[in-house]
Student: 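Mind having a look at this structure? Questions to follow.
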Amino acid sequence: MEAVRLSRGIYVEYPSAPEGIQSSTNVLIFNGWTSSKLKYLQKYAPLYREKNYLIFYVESPSQVFWSTDPKEKTNLHHFDSAIRFLKDNAIDVFSKSGRAHVIIHNFSNGGVNQLWKLYLNLEENSLDFNVKGLIFDSAPGYSGSNNLSTLHPFIRAAMIGPSKSGTWDYWYRDVAAYITASIVVPMYAMFNILGIRNLFHSNEDAMYSPRFAKLPRLFMYTRVDLLVTSKDVEIHIKKCKDMGVDVDVEVWQDAAHVKLLVSDTEKYSKCVDQFVKKVTS
């Protein structure tokens, strides 16, 4: 189905129901992984289309490495177009008792960074938002010193993007990624020592803010992920459980980073469907 561009990196897909958008139309937000593109995020849409969700697709640019200032305008206002669309269509999600609900489906660290930007926007505008659950696919990374080992492949993946192995573009980007990593990894190590905020801290701000901290969440991850390790995700799972949060967990043994759906579509669909039914019933 066709998605309509609202602003840079944000698209909306109308529900398939004949009646179109109603005040009670439920909302799904896909927060994409770093350097994600619309056409790849749309592969996950069938999980929600038959439930007649209004779907927002949010691409995540590679600039998430540096996007850590909560007062920066590009962070504060990133979701303005989506919020405006919901208000203009009178969708009843801006109350905890609203007729419509929201599910937020986040991919990798880039997706959790977009969750942080949504959090900033809602706080800036003092808006309630009827979120019923959070889904994390291959996310999130951890802000402790162990994230340094994953920064290099994270940077490499973000910079190479969809380039094909063996092409000039691939090798050019690969060399640039190694040079960038040689600068960023020591810098992040210094950030950790000095207690300076970085991407991982911003992501934790979103996950554990009073607004989102108690929401039920589904973690789906793989044992062989090189970008967001299973150890990182399990640190967050333990923290959530210790806080009394309702947590569902599903582990893949041999899927690659953000390739869980491709690895086992039936398993992925079942996990999402069961979680959504549980938190919205």
Student: Check whether any side-chain heavy atom of Ser16 lies under 4.5 Å from a side-chain heavy atom of Asn52, and answer yes or no.
Tutor: yes
Student: Hey, could you give me the OG1/CG distance between Thr222 and Asp137, rounded to the nearest 0.5 Å?
Tutor: 10.0 Å
Student: Could you tell me whether the side chain of Asp128 reaches within less than 4.5 Å of the side chain of Phe94, counting heavy atoms only?
Tutor: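 Side chain of Phe94 against side chain of Asp128, heavy atoms only: no contact under 4.5 Å found.
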Student: Between CG of Leu38 and CD1 of Ile10, what distance do you get to the nearest 0.5 Å?
Tutor: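 It comes to 12.0 Å.
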Student: Do Ile103 and Lys132 have side-chain heavy atoms sitting under 4.5 Å apart?
Tutor: yes
Student: In Å, rounded to the nearest 0.5 Å, how long is the span from CG of Leu134 to CD1 of Ile104?
Tutor: 5.5 Å
Student: Would you sort out whether Asn121 and Asn125 count as a side-chain hydrogen bond (donor to acceptor under 3.5 Å, both in side chains), showing the intermediate values?
Tutor: CA-CA 6 Å; Asn121 193 294; Asn125 294 286; 3.1 Å; yes
Student: Go through the structure and list residues passing salt bridge (charged side-chain N to carboxylate O under 4.0 Å, His left out) with Lys39, not counting sequence neighbours.
Tutor: none
Student: Tell me whether the centres of the aromatic rings in Tyr44 and Phe107 are closer together than 6.0 Å.
Tutor: yes
Student: What pairs with Arg211 under salt bridge (charged side-chain N to carboxylate O under 4.0 Å, His left out), at least two apart in sequence or on another chain?
Tutor: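 Partners of Arg211 by the salt bridge (charged side-chain N to carboxylate O under 4.0 Å, His left out) criterion, ordered by chain and then number, come out as Glu123.
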Student: Run the side chain to side chain contact (heavy atoms under 4.5 Å, CB included) test against Asn26 and tell me which residues pass, sequence neighbours left out.
Tutor: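 Scan of Asn26 (side chain to side chain contact (heavy atoms under 4.5 Å, CB included), adjacent residues dropped) gives Tyr53, Ala100, His101.
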Student: Would you call Arg49 and Glu13 a salt bridge, using N to O less than 4.0 angstrom?
Tutor: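 Salt bridge present between Arg49 and Glu13.
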Student: Supply the atom-to-atom distance Ile235 CD1 to Lys231 NZ, rounded to the nearest 0.5 angstrom.
Tutor: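 Reported to 0.5 Å precision, the distance equals 6.0 Å.
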Student: Under the salt bridge (charged side-chain N to carboxylate O under 4.0 Å, His left out) rule, what pairs show up with a residue in residues 250-259, not counting sequence neighbours?
Tutor: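 Every salt bridge (charged side-chain N to carboxylate O under 4.0 Å, His left out) pair that includes a residue of residues 250-259, provided the two are not neighbours, is Glu250-Lys267.
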Student: Please enumerate all residues that pass side chain to side chain contact (heavy atoms under 4.5 Å, CB included) together with Lys270, with sequence neighbours excluded.
Tutor: Gln274
Student: Under 4.0 Å between a side-chain nitrogen and a carboxylate oxygen: does that hold for Asp246 and Lys214?
Tutor: no
Student: Can you name the residues that form a ring pair (Phe, Tyr, Trp, His ring centres under 6.0 Å) with Phe219, not counting sequence neighbours?
Tutor: Phe136
Student: Give a yes/no verdict on a cation-pi contact between Lys239 and Tyr208, requiring under 6.0 Å between NZ or CZ and the six-membered ring centre and an angle within 45° of the axis.
Tutor: yes
Student: For Tyr221, which residues count as a ring pair (Phe, Tyr, Trp, His ring centres under 6.0 Å) partner, sequence neighbours excluded?
Tutor: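 For Tyr221 there are no ring pair (Phe, Tyr, Trp, His ring centres under 6.0 Å) partners, ignoring immediate neighbours.
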Student: Can you label the angle between the Tyr268 ring and the His105 ring as parallel, tilted or perpendicular, going by 30° and 60°?
Tutor: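 Tyr268 and His105: parallel rings.
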Student: Apply ring pair (Phe, Tyr, Trp, His ring centres under 6.0 Å) to Phe275 and list each qualifying residue two or more places apart in sequence or on a separate chain.
Tutor: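 None.
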Student: Per the salt bridge (charged side-chain N to carboxylate O under 4.0 Å, His left out) rule, which among Arg217, Lys241, Lys277, Lys278 passes with Asp248?
Tutor: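 In the set Arg217, Lys241, Lys277, Lys278, the residue that makes a salt bridge (charged side-chain N to carboxylate O under 4.0 Å, His left out) with Asp248 is Lys278.
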Student: Could you check if a side-chain atom of Asp225 sits within less than 4.5 angstrom of a side-chain atom of Thr229, using non-hydrogen atoms only?
Tutor: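 The answer is no; the side chains never approach within 4.5 Å.
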Student: Is there side-chain contact between Asp273 and Leu47, with at least one heavy-atom pair below 4.5 Å?
Tutor: no
Student: Could you tell me which residues satisfy salt bridge (charged side-chain N to carboxylate O under 4.0 Å, His left out) with Arg223, sequence neighbours excluded, listed by chain and number?
Tutor: Glu234
Student: Which distance, rounded to the nearest 0.5 Å, do you find between the OG of Ser138 and the CG of Asn106?
Tutor: 11.5 Å
Student: Looking at CD of Gln42 and NZ of Lys37, how far apart are the two atoms once the value is rounded to the nearest 0.5 Å?
Tutor: 13.5 Å
Student: So, do Thr34 and Ser108 sit near enough that their side-chain heavy atoms are less than 4.5 Å apart?
Tutor: no
Student: If only atom types and distance count, is the side chain of Ser263 paired as donor or acceptor with the main-chain N or O of Ala255 below 3.5 Å?
Tutor: no
Student: Determine, stepwise, if the pair Ser60 / Gln114 fulfils side-chain hydrogen bond (donor to acceptor under 3.5 Å, both in side chains).
Tutor: CA-CA 7 Å; Ser60 181; Gln114 301 309 309; 3.3 Å; yes
Student: List for me each residue that meets ring pair (Phe, Tyr, Trp, His ring centres under 6.0 Å) alongside Tyr11, sequence neighbours excluded, and say none if there are none.
Tutor: none
Student: Which residues pass the side chain to side chain contact (heavy atoms under 4.5 Å, CB included) test with Glu19, not counting sequence neighbours?
Tutor: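 Residues passing side chain to side chain contact (heavy atoms under 4.5 Å, CB included) with Glu19: Ala17, Gln22.
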Student: State whether the side chain of Asn89 and the backbone N or O of Phe85 hold a donor-acceptor pair below 3.5 Å, judged by distance alone.
Tutor: yes
Student: Evaluate the side-chain proximity of Leu86 to Leu54: yes if any heavy-atom separation is below 4.5 Å, no if none is.
Tutor: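 Yes; the side chains approach each other to less than 4.5 Å.
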Student: Going by salt bridge (charged side-chain N to carboxylate O under 4.0 Å, His left out), name the residues that satisfy it together with Lys43, two or more places apart in sequence or in a different chain.
Tutor: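 Expected list: none.
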Student: Go through the steps for Phe212 and Leu115 under the test side-chain contact (heavy atoms from CB on, under 4.5 Å), then give the verdict.
Tutor: CA-CA 10 Å; Phe212 295 143; Leu115 178 66; 3.7 Å; yes
Student: Mind checking whether Leu122 and Ile83 have side chains closer than 4.5 Å, heavy atoms only?
Tutor: yes
Student: For the side chain to side chain contact (heavy atoms under 4.5 Å, CB included) test, which of Ile21, Leu6, Val27 pairs with Val12?
Tutor: Leu6
